[in-house]
2 protein chains.
Amino acid sequence: MKKTSILNKLRSSGLRPTKQRVEIAKFLYSRDKTFHFTVESLGKYLAKKTTTKFALATIYNTVHAFKKAGHLSEVHLRGKNNTTYFDTNISNHHHFYDSQTSELIDINENEIKFDKIPKSPNGKTIKNIEVIINLKN
Amino acid sequence: MKKTSILNKLRSSGLRPTKQRVEIAKFLYSRDKTFHFTVESLGKYLAKKTTTKFALATIYNTVHAFKKAGHLSEVHLRGKNNTTYFDTNISNHHHFYDSQTSELIDINENEIKFDKIPKSPNGKTIKNIEVIINLKN
DNA sequence: GACATACTTTAGAACTATTATAAACTTTAA
DNA sequence: TTAAAGTTTATAATAGTTCTAAAGTATGTC
Ligand SMILES: [Mn+2]
Ligand SMILES: [Mn+2]
Ligand SMILES: [Zn+2]
Ligand SMILES: [Zn+2]
């Protein structure tokens, strides 16, 4: 993703393109594959790959702002150290989870098909379905 | 579940039947339906239903001991307030999740059937599959 | 460019779920 | 009854996350 489209992405979401946001967006969206991360891991990557300083609160703020703007999703999974995973794949999709490495791998929505699903309880409807396939070696 | 089988359950797991463990086991296993709870909520229920005192650490210890003994399972879901859910249903099964109320509802394993599942990556095999059906009103 | 305004970053404090510590207490088996 | 091992407890420590309020920055207008 190039600089101008990064700026557009931010501006069209009502987010001022600050140095920190632009760096984070470049880091997250200049890649082909889905990227799964925790705030802590993102901070480490940013420290390694950029010379910009990021307060931890800024990473939290930015990740939440991106999520609110629809540019990130939060994975509804409780990882090893009570960690929250974020995901650059914002479509409905599923995951392999390797608890040994704490790694998530995407499964496209169309790679899982259901034969049978229970009907939702008492006046509720289905918002979405999340499948986690836990892996072992 | 009656007193003697509570004691058997504890003893056969190598857990001494202390006052606190017996109360918690009675509370958790003297019911027909699955019970989902957080440590905090369990503490509140115990305070309401019993006259025994429970240090918070004891509830954590006991829940973990029961989990280790195979009498409880932990739900791999990140709830609203970063809460950990435990489950008296120790079989492989799935859940409805109502994020409005933070409530879990069991789905038996045989109520969900897959038509298509991706093959696991690179030398890994499937340990188990967890489905969360998120509900809305 | 200079200015006013609203927004953003920041360091540090605060908060909350959970785990660790170590002393007092209880269960168990001899 | 006694000693050893296990358990509970209050409290401190940890760790992920959110809050605060002061300093800094982006933006629109002149
Ligand atoms: Mn650096
Ligand atoms: Mn009471
Ligand atoms: Zn994903
Ligand atoms: Zn359940």
Side-chain angles (χ1 to χ4, degrees), chain A residues 3-4 6-25 27 36-44 46-47 50-69 71-72 74-86 102, chain B residues 3-4 6-25 27 36-44 46-47 50-69 71-72 74-86 102:
Chain A
K3 185 74 181 276
T4 59
I6 293 285
L7 296 184
N8 284 341
K9 180 169 228 169
L10 293 175
R11 277 202 254 265
S12 66
S13 312
L15 297 169
R16 291 183 180 177
T18 63
K19 192 172 187 184
Q20 283 76 9
R21 284 174 176 165
V22 171
E23 288 291 350
I24 292 175
F27 178 77
H36 299 105
F37 62 97
T38 65
V39 167
E40 189 197 26
S41 72
L42 177 57
K44 284 180 184 161
L46 292 169
T50 77
T51 57
T52 305
K53 287 286 171 202
F54 297 87
L56 183 57
T58 299
I59 305 178
Y60 276 100
N61 289 342
T62 303
V63 165
H64 288 149
F66 285 9
K67 184 192 167 191
K68 193 173 177 190
H71 303 315
L72 282 175
E74 191 170 348
V75 182
H76 226 185
L77 170 81
R78 201 185 134 84
K80 269 230 177 53
N81 301 109
N82 199 10
T83 43
T84 308
Y85 289 97
F86 292 90
S102 300
Chain B
K3 185 73 182 278
T4 59
I6 293 284
L7 296 185
N8 283 341
K9 181 169 227 168
L10 292 175
R11 277 201 254 263
S12 66
S13 311
L15 298 169
R16 293 182 179 179
T18 63
K19 192 173 188 184
Q20 284 75 12
R21 284 174 177 167
V22 171
E23 288 291 350
I24 292 176
F27 178 77
H36 299 104
F37 62 96
T38 65
V39 168
E40 188 197 25
S41 73
L42 178 57
K44 285 179 183 162
L46 291 169
T50 78
T51 56
T52 305
K53 288 284 170 205
F54 296 87
L56 183 57
T58 299
I59 305 179
Y60 275 101
N61 288 343
T62 303
V63 164
H64 288 149
F66 285 8
K67 183 191 168 193
K68 191 172 180 193
H71 303 316
L72 282 176
E74 190 169 349
V75 182
H76 224 186
L77 169 81
R78 204 186 132 84
K80 268 228 177 55
N81 302 110
N82 198 12
T83 45
T84 307
Y85 289 97
F86 292 89
S102 300

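Basis for what follows: all heavy atoms, side chains included, without hydrogens, waters or symmetry-related copies. As the structure is a computational prediction, the values presented were derived from the model and not from experiment. Protein chains get the first letters and strands the later ones, always in sequence-line order, with residue 1 at the start of each.
For A/Glu74, the salt bridge (charged side-chain N to carboxylate O under 4.0 Å, His left out) partners at least two apart in sequence or on another chain are A/Lys67, B/Arg78.
Ion pair A/Lys19/A/Glu23 not flagged as a salt bridge, since none of the NZ, NE, NH1 or NH2 atoms sits closer than 4.0 Å to an Asp/Glu carboxylate oxygen.
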For residues 11-18 of chain B, which side-chain donor-acceptor pairs fall under 3.5 Å, sequence neighbours excluded?
unit_1: B/Ser12; atom_1: OG; unit_2: B/Asn8; atom_2: O; d: 2.8
unit_1: B/Ser12; atom_1: OG; unit_2: B/Lys9; atom_2: O; d: 3.2
unit_1: B/Ser13; atom_1: OG; unit_2: B/Lys9; atom_2: O; d: 2.7
unit_1: B/Ser13; atom_1: OG; unit_2: B/His71; atom_2: NE2; d: 2.7
unit_1: B/Thr18; atom_1: OG1; unit_2: B/Arg21; atom_2: N; d: 3.2

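Not a single donor-acceptor pair under 3.5 Å links the side chain of B/Ser41 to the backbone N or O of B/Phe37.
Contact footprint of chain B on DNA chain C: nucleotides with an atom under 4.0 Å from a non-hydrogen protein atom, first to last in 5' to 3' order, C/dA17 to C/dT28.
In terms of position along DNA chain D, the nucleotide closest to A/Glu40 lies nearer the 5' end than the nucleotide closest to the other residue of the pair A/Glu40 and A/Ala57. Of the residues near DNA chain D, B/Arg78 and B/Phe54, the one whose nearest nucleotide (by heavy atom distance) lies more toward the 5' end is B/Phe54.
Each end of the helix from C/dG1-D/dC30 to C/dA30-D/dT1 yields a helix axis from five base pairs, and these two axes differ in direction by 30° (to the nearest 10 degrees).
Taking OG1 from A/Thr83 and CG from B/Asn82, the interatomic distance works out to 9.5 Å, rounded to the nearest 0.5 Å.
Across all strands, B/Asn81 comes closer than 4.0 Å only to sugar-phosphate atoms, never to a base (heavy-atom distances). Using a 4.0 Å heavy-atom distance criterion, A/Thr84 is classed as a sugar-phosphate-only contact.
For the salt bridge (Lys or Arg N to Asp or Glu O under 4.0 Å) condition, no pair includes a residue of residues 54-64 of chain B, sequence neighbours left out.
A close approach under 4.0 Å does occur between a side-chain nitrogen or oxygen of A/His64 and OP1 or OP2 of D/dT18.
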So which protein N/O to nucleotides 26-30 of chain D N/O distances come out below 3.5 Å?
unit_1: D/dA26; atom_1: N3; unit_2: A/Arg16; atom_2: NH1; d: 3.4
unit_1: D/dT27; atom_1: OP1; unit_2: A/Arg11; atom_2: NH1; d: 3.0

